[in-house]
Amino acid sequence: MNVLVINAGSSSLKYQLLNVETREVYAKGNCERIGIDGAFIGHEEMGGEKQKLVCELPNHKVAAEHVFEILSKLDVKIDGIGHRVVQGAWRFPESKVVTDETLGWVREVAPLAPLHNYAEADVIDECRARLPEVGNVVVADSAFHMQIPEVAHRYALPRDVVDKFHIRKYGAHGTSHRYIWRATDHFTNHETHKLVSCHLGSGASLCAIQDGHDMDTTMGLTPLDGLIMGTRCGTIDPATVCYLEREGGYTADEVDTMMNKQSGLLAVSGVSSDSRDIEEKADAGDANCKLALEMFSYRAAQLICEMAQAMEGFDTMAFSAGIGENSATNRANIVRRLGWLGVKIDDEKNSVRSDEVRDITGEGSSVRVLVVPTDEEYMIALDVKDLLG
Ligand code: AMP
């Protein structure tokens, strides 16, 4: 079965066309700078060179039209389409086939992720119009976290407010954490029972997964909570928001932008949101970059313990996503802070680069430590196959 996976960001649209059975990727790409000057599509086909196609991309609908245009030249029949929806909230505790009703739900919960959900809903409209005979499936990034027990997902706010505004921990990266569990379980031959899954990319979150069940995660109502990220501050005292509005004269939107786009590693390092730049400058002696890396690992180690507490222990931890898969320095920093728990990695194994799942556990470690490259697109394609195949 050939599945087209579409992932709309606020100003981007990633796509991948793959075969679910063979995991062969026919083509993939990203429409970047949608609605901004200098838009282009980075496109890649199996065994081919990466191409950059410059074109006008005023909105996501037009971007989707271009994607269909490009893919129509491939001579690969699309059997189903999977859509990554950032926020599924209470409407999507699992993946669902797109109907008029379920598409309405994507828009209904969009106020919780306005930059992403409306864009993906527009793309779904375009897919249904373009290929009316092909089924579409919504795979919500929050779905996995709807399993989290109430003791962990409820906020201690007044009950009527919580109910009226549907406030709870929804989390994100659920599809990635679900994949990481699956790959870890397979790699360890079902010996993993209590996993702390560490998705550390430009967005970053942890997830406590016990025998496949989601017990807790670090992101909250929105993907702002928890770890320090590329440009997001992660957990701060919520009173900071009121203080900035009252005393600093900032509007709610300005604080929102500050906390989501101008904070995190970018703010602390004063250099970049990209861990590669920060590591390079830290090596050259930059004090702010060193601090950014220390704060990143400090918070990560602290929240790993929080996730372990949700399961009353952990036997495995898995590093994944851009930083987790590629940055030996960040992995080593985090594990060093967990040394008091007996967690150890093997420095030599940690320095090896590979696209495969690998074990970097140190001798005598209390916990198995893995690097698990994530594959959200494959996970989405599997859901499409389950529901439409
Ligand atoms: P993602 O959001 O999963 O694509 O991760 C993107 C982030 O991964 C980038 O912003 C970088 O900070 C980080 N990253 C990617 N490659 C490396 C690397 N070799 N070393 C350190 N960080 C990396």
Side-chain angles (χ1 to χ4, degrees), residues 5 7-16 25 28-32 42 44 50 84 86 115-116 141 171-180 183 197-207 217-219 223-224 226-234 260-284 286 288-297 299-300 318-335 345 347 349-358 360 371-380:
V5 176
N7 177 0
S10 49
S11 62
S12 67
L13 191 152
K14 287 191 194 141
Y15 58 93
Q16 189 175 117
V25 176
K28 61 179 177 180
N30 191 8
C31 307
E32 298 191 41
E44 213 178 330
K50 206 169 178 172
R84 178 196 181 220
V86 165
L115 295 180
H116 295 87
D141 229 14
H173 296 143
T175 312
S176 175
H177 289 303
R178 201 151 53 94
Y179 178 82
I180 295 165
S197 169
C198 309
H199 178 112
L200 309 177
S202 49
S205 71
L206 308 177
C207 190
T217 191
T218 54
M219 283 179 169
L224 181 58
L227 297 166
I228 293 172
M229 304 174 223
T231 60
R232 289 173 243 172
C233 58
N260 275 293
K261 302 224 158 92
Q262 301 157 355
S263 299
L265 294 176
L266 172 68
V268 181
S269 70
V271 165
S272 169
S273 61
D274 193 308
S275 180
R276 282 165 288 203
D277 302 335
I278 300 172
E279 285 178 40
E280 202 182 303
K281 289 261 165 32
D283 284 345
D286 185 296
N288 290 335
C289 288
K290 282 186 187 168
L291 178 65
L293 291 181
E294 285 304 305
M295 285 172 66
F296 182 80
S297 66
R299 183 78 63 80
F319 286 106
S320 194
I323 296 173
E325 290 167 31
N326 299 303
S327 173
T329 302
N330 277 296
R331 288 194 298 259
N333 286 350
I334 293 167
V335 170
I345 50 170
D347 289 335
K349 289 181 187 161
N350 186 39
S351 64
V352 173
R353 296 184 71 95
S354 153
D355 292 335
E356 304 287 319
V357 180
R358 52 203 188 272
I360 58 167
V371 178
V372 180
T374 192
D375 195 343
E376 289 156 289
E377 284 78 12
Y378 176 60
M379 201 72 228
I380 291 171

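All ligand and atom numbering here is 1-based and tracks the order in the structure. Index from 1, following the sequence. Just so we're clear, the structure is a prediction, and the values are computed from it rather than from any experiment.
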For atom 6 (C) of ligand 1, what is the closest protein heavy atom, and at what distance to 0.1 Å? S202 N, 3.7 Å
Side chain, backbone, both or neither: which applies to R353 and ligand 1 if a contact is any heavy-atom pair less than 4.0 Å apart? side chain
Just need the protein heavy atom nearest to atom 19 (N) of ligand 1, so name the residue and atom and give the distance. N326 CB, 3.4 Å
Which option, L200, D274, N330, owns the non-hydrogen atom nearest atom 10 (O) of ligand 1? D274
Under 3.5 Å side-chain donor-acceptor pair for E279 and N330: yes
Out of S275, G201, G230, G203, who gets a non-hydrogen atom closest to atom 22 (N) of ligand 1? S275
State the atoms of ligand 1, each with its element, that fall below the 4.0 Å cut-off from a heavy-atom position in I323. 8 (O), 12 (O), 13 (C)
Can you find a protein heavy atom closer to atom 4 (O) of ligand 1 than 4.0 Å? no
Report yes or no: do S327 and S275 form a side-chain donor-acceptor pair below 3.5 Å? no
Answer yes or no: does atom CD of E294 have more than 12 heavy-atom neighbours from other residues, nucleotides or ligands under 6.0 Å? yes
Per-atom filter on ligand 1: closer than 4.0 angstrom to a heavy atom of E279 are 21 (C)
Using 0.5 Å steps for rounding, measure from the CG atom of N333 to the CG atom of L293. 6.5 Å
Can you name the closest pair of heavy atoms from S205 and H177 and give their distance? OG-NE2, 2.8 Å
Do the non-hydrogen side-chain atoms of V271 and N288 ever get within less than 4.5 Å of each other? no
Looking at ligand 1, is there an atom of it that comes within less than 4.0 Å of some heavy atom belonging to E280? no
So do the side chains of L224 and C233 get within less than 4.5 Å of each other, counting heavy atoms only? yes
Among protein heavy atoms, which sits nearest to atom 14 (N) of ligand 1, and what does the distance come to when rounded to 0.1 Å? G322 O, 3.6 Å
Please work out whether the ring planes of Y179 and Y378 are parallel, tilted or perpendicular, with thresholds of 30° and 60°. perpendicular
Return the residue, atom name and 0.1 Å-rounded distance of the protein heavy atom closest to atom 20 (N) of ligand 1. R276 CG, 3.4 Å
